[in-house]
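To start, the structure itself, in structure tokens.
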There are 2 protein chains.
Amino acid sequence: MRNIKVVVAYDGTCYHGFQEQRGTKFQTVQGVLENRLSRLAGQEIKVFGAGRTDSGVHARGQVINFDAGDWRAPPEKVAPALNSLLPRDIAAISSIEVPAGFHARFSAAAKTYCYTVYNGRVPSPFRRLYSYHVPRSLDVDAMGEGVKKLIGNHDFAAFRALGTPVNTTVRCLMKALVRREGEIIRVELKADGFLYHMARMIAGTLIRVGLGKLSPGDMEEILESKNSLLAGPTAPARGLCLESVEYGINL
Amino acid sequence: MRNIKVVVAYDGTCYHGFQEQRGTKFQTVQGVLENRLSRLAGQEIKVFGAGRTDSGVHARGQVINFDAGDWRAPPEKVAPALNSLLPRDIAAISSIEVPAGFHARFSAAAKTYCYTVYNGRVPSPFRRLYSYHVPRSLDVDAMGEGVKKLIGNHDFAAFRALGTPVNTTVRCLMKALVRREGEIIRVELKADGFLYHMARMIAGTLIRVGLGKLSPGDMEEILESKNSLLAGPTAPARGLCLESVEYGINL
């Protein structure tokens with residue numbers, strides 16, 4: 001096995017999420033990557049992705065790996081070769097060879113997601129695809145205080161939509177902060193793993209804190225309730241971006 | 001006549017330019033604005049725009065005016081009312097009443113266009129709609145030196161594609177500068193008027209300067225030649241944005 005790791009960015013607007021779905025005709029990022037890699041390699045290539053981003057969610061630092069089989073391309077040439085075939089809403093940032101045991105998803109130590117809120121009064125045609133527009137002014141300090149309550153090892157069942165069954169809903173949130181840059185508010189979340197819709201439900205709940213409909217302390221109560229009916233609403237996919245994936249060793 | 005001025009922003013990606021074209025079915029920004037304003041006003045509204053942006057060109061500060069006729073909406077409510085009906089790639093920023101003599105195009109004293117080059121090595125899915133990707137590193141100092149040669153009152157025939165006949169190809173370029181912000185290079189041009197493709201041909205020629213294929217001094221020679229075969233190529237529409245329109249009086 002020749003295991004190749006590629007860092008991938010994409011505008012998720014036109015895709016039905018990252019992961020290929022059997023039996024549907026919707027276009028997925030994985031489907032496009034497998035198609036282009038298979039054409040380049042002259043053999044069928046199966047891709048593994050670090051994060052199963054939802055329909056409409058973006059990525060600046062998604063990570064994939066695949067077995068290059070007989071394809072002899074130098075690892076660092078895989079990214080530029082892919083870019084020559086990829087549609088312009090997907091780009092390969094870099095590519096390297098990694099040990100056979102490396103798996104983009106199972107080897108991941110942490111993922112960072114960023115949720116972007118556009119908090120300007122007037123709609124912005126240029127931000128519409130990459131942020132969620134909340135025209136009412138948000139209290140960023142309250143949001144920052146609220147998100148801090150979630151840091152650490154917790155059962156995040158309250159911030160989870162029903163989806164694929166999981167063994168445990170306990171996750172470690174290593175970093176969580178809210179920053180304002182003018183009319184843009186960014187919610188940055190780093191965890192060892194994310195439950196289905198977790199990042200978007202945390203963002204949606206924080207927006208309610210920012211609007212004054214919840215207090216920062218309510219974040220803790222909602223977390224402890226493990227009741228997803230108290231959280232949310234799930235903020236729209238277009239504001240979410242998978243920023244980076246970290247691995248234990250320097251991969 | 002009740003003359004209303006509206007500042008409009010749009011992502012031009014999906015439009016066949018600003019100006020409505022008789023006999024074609026392509027969607028234009030003017031067509032959408034007239035349709036929505038007519039629905040709001042309950043009567044046919046005809047819109048005048050300051051700049052006839054090309055297909056794919058964007059605007060942050062396009063200006064339109066129209067006669068509101070019998071429509072009694074308070075001027076400042078026109079923008080939010082429009083936004084409730086507009087598609088998300090067009091937004092009304094503000095609206096005020098102006099004197100009957102005001103015409104978005106003929107009263108304009110100056111327009112500012114900005115051409116955005118993305119000068120990163122790797123393609124960017126998030127910048128693809130709003131910039132022109134030049135992966136080879138550009139010499140911004142040479143570009144800045146080159147564009148300065150164009151400042152002032154000149155015959156810009158060399159930077160003009162054939163289009164609607166004009167009385168004169170003399171224009172006054174009041175401001176011209178090139179700035180780098182990381183991997184983004186912005187060419188800012190302010191003039192009393194722009195010839196057909198003028199901003200994009202200046203940008204395309206400057207990129208050749210940035211690549212070292214032309215010297216900054218060549219800009220002056222091309223200008224003086226009045227020969228459009230020496231200029232260009234015309235840089236792609238997606239990098240261009242109409243930033244603002246200025247009027248003599250405070251309108």
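This is a predicted model, so every value here is computed, not measured. Chain letters run A, B, ... following the sequence lines, proteins first and then strands; every chain starts at 1.
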* Asked: Between the side chain of A:Arg88 and the main-chain N/O of B:Pro125, is any donor-acceptor distance below 3.5 Å?
  ->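 Looks like no, no N/O pair under 3.5 Å.
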
* Is it the backbone or the side chain of B:Ala92 that comes under 4.5 Å from a heavy atom of chain A, or both, or neither? ->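 The answer is the backbone of B:Ala92.
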
* Kindly check if the number of other-residue, nucleotide or ligand heavy atoms within 6.0 Å of NZ (B:Lys77) is above 12? => no

* Asked: When you look at CD of B:Glu44, are more than 12 heavy atoms from neighbouring residues, nucleotides or ligands closer to it than 6.0 Å?
  -> no

Select one option (side chain, backbone, both, neither) describing which atoms of [X] are under 4.5 Å from chain B's heavy atoms.
X	result
A:Asn83	side chain
A:Ile90	backbone
A:Tyr130	side chain

* If you take all heavy atoms of B:Arg121 and A:Ile93, which pair is closest and at what distance? ->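 Answer, listing the atom of B:Arg121 first, then A:Ile93: NH2-O, 4.1 Å.
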
